[in-house]
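Whatever order the structure lists them in is the order used to number ligands and atoms, beginning at 1. One-based numbering along the sequence shown.
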Amino acid sequence: MNILYAASEAQPLAASGGLADVAGSLPKALVEEGHDARVVLPLYVNTIKPQWREKMTYVTNFTVPVGWRHQYCGLFTAQINNVTYYLLDNEYYFKRDFGLYGYYDDAERYAFFSRAVLEMLKVIDFKPQVINSNDWQCALIPVYYSMFYRNDSKLWGIKNVFTIHNIQYQGRYGMELLEDVLGIPKHFASLMEYDRDVNFMKAAIEVSDKVTTVSPTYAREILDPWFSHGLDRALKDKQYKTCGFLNGIDTDMYNPATDPVIPEKFTTSKKAGKKVCSQKLLEQVGLPQGDEPILGMVSRLVEHKGFDLVKCVFDDIIKLGYKVVVLGSGDAQYEQFFHEMRWRYPDRVAFTCGYIPDLAKKIYAGANMFLMPSKSEPCGLAQMISLRYGTIPIVRKTGGLADSIIDYGDENGTGFTFQSYNAHDMLYAVKRAKDCYWNKTEWNKLVTRAMKADFSWKQSAKLYIGLYKELAGEQ
Ligand code: GLC
């Protein structure tokens, strides 16, 4: 099948979160299954490293209508991990100094990108049967397709899948953007409108042939106002075309047997290397050596990741005998909190403010437990990466965490889970993990089970292919 995967970020070129991991690894898995899956993303001039820039070749350029404006778009292509990447170039929109998003004109930047993706299909020699667009930044692709391109002779018959990675970010703007900035005629206002605003995601949900999310549990949860950030009403009568497929991870990139970044490699049968990874981790983050369990956290420091629970019982976690290693940045209140904890417990707590991919891997490999008490979690990748490195996840049973981690109470258990969003329920799971840790035979069995759990893309890629084929009428 021919599939175009449209995203605003993709590994290894540009990343700010889990979407980039998925956009970097799902198309690769689709190609491995024998399909022609290609990725399209903006050419972020200051973000994409020179080593990747060198791989890109110029193809052509064309003009993109954005409201009343007509903007230049250059097209570059590159082969990365056997996948064809298309990069859309316009320096006015994508040469920025402070990361990928968060600019005053994001609505216009991604309206441009979405329209450019469709214009690109008029000039290249590749016709996808399905376009899979991701998150609000690409939500206007199915929308523009349905408005302006579905009768175009070159684009006729393409099916649209829209994937929600996080429903919190919907692309919500004032109605005044409709015609001038987005170039959408007034008679489409009711399609774009939701709660008196323009809402990119709502419109994509409306017009796409299928809507997917990144775990089956999250697909159900977002029908509830507590999880949906207001969009449950848009999703309720679209259940017939909505489903959730659990993400996978790139098991080549995250492999303790071959990972060049971790200090010592290890496997299920030779686990000694993990101990070395723990020692080196303690050394690197400036904590004393010792046998106490190491609890790792790598996360954006924002409320929905559950940091209010961590704050509430942090002293108790320390009293249980843990060393805690945290990497992340985000809300000032949580950054401040971990700085304080580091001062209060200099021998027990390490905090690195920021995001350092190599250190993240060293934490996945060197910690014994990994804490993810998220309030909501569409899928979550860190718990799967932790499992692969024999680091036992302690998670709240929500979204993808509920779909990927089985509690230790079950004979196939791979982690410790708790249900209610409550600090003491979390603490109890953290305590159970510590008790198990000191029972060395049991812990060893648990670590082996965790490392053997299969979260490669193989299964989920098949689900996506099934869905694409169904839409294209191939089954
Ligand atoms: C978002 C979600 C995360 C998910 C990722 C990839 O970042 O918050 O749960 O794993 O997208 O789908």
Side-chain angles (χ1 to χ4, degrees), residues 5-12 14-30 39 41 99-102 132-139 161-171 201 204 211-222 226-229 231 242-251 253-254 297-307 328-331 355 357 360 364 370-388 393 395-405 455-457 459-461 463-464 467:
Y5 201 82
S8 55
E9 51 183 271
Q11 287 282 15
S16 80
L19 167 62
D21 287 274
V22 175
S25 52
L26 171 58
K28 185 174 150 200
L30 297 172
V39 178
L41 77 157
L100 306 183
Y101 323 119
N132 193 336
S133 305
N134 294 276
D135 272 352
W136 77 266
Q137 293 92 335
C138 291
V161 175
F162 179 62
T163 302
I164 300 171
H165 294 259
N166 195 334
I167 206 160
Q168 189 176 356
Y169 309 103
Q170 301 173 357
M201 219 181 229
V211 178
T212 72
T213 67
V214 288
S215 70
T217 299
Y218 192 61
R220 283 193 302 277
E221 284 174 344
I222 54 178
W226 199 77
F227 287 97
S228 75
H229 295 268
L231 267 188
T242 308
C243 62
F245 298 148
L246 194 67
N247 286 333
I249 54 168
D250 184 333
T251 46
M253 190 166 142
Y254 298 110
M297 290 189 91
V298 177
S299 177
R300 277 183 301 126
L301 304 182
V302 293
E303 199 201 322
H304 83 259
K305 294 287 180 184
F307 284 99
S329 60
D331 290 355
Y355 182 68
Y364 291 128
F370 192 89
L371 181 58
M372 272 180 101
S374 307
K375 198 177 255 181
S376 72
E377 194 62 73
C379 177
L381 301 171
Q383 80 279 17
M384 301 182 194
I385 302 170
S386 299
L387 287 174
R388 184 119 173 101
V395 304
R396 192 171 97 78
K397 260 179 159 307
T398 182
L401 298 173
D403 293 336
S404 57
I405 305 300
F455 287 106
S456 66
W457 268 106
Q459 301 302 326
S460 304
L463 297 174
Y464 276 98
L467 182 84

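The backbone N or O of S215 lies less than 3.5 Å from a partner atom in the side chain of T213, making a donor-acceptor pair. With hydrogens and angles ignored, the 3.5 Å screen pairs a side-chain donor or acceptor of Q383 with a backbone N or O of C379.
For F370, the ring-ring contact (aromatic ring centres under 6.0 Å, His included) criterion is met by Y364, not counting sequence neighbours.
The 4.0 Å heavy-atom shell around ligand 1 contains residues G18, L19, V22, H165, N166, V214, N247, E377, P378, C379, G380, L381, ordered by chain and number.
Annotation: the span from Y218 atom OH to S376 atom OG amounts to 5.5 Å, rounded to 0.5 Å.
Considering N134, T163, N132 in turn, N134 is the only one that fulfils the side-chain hydrogen bond (donor to acceptor under 3.5 Å, both in side chains) rule with Y5.
In this structure the side chain of Y464 reaches within 4.5 angstrom of the side chain of T212, judged on heavy atoms.
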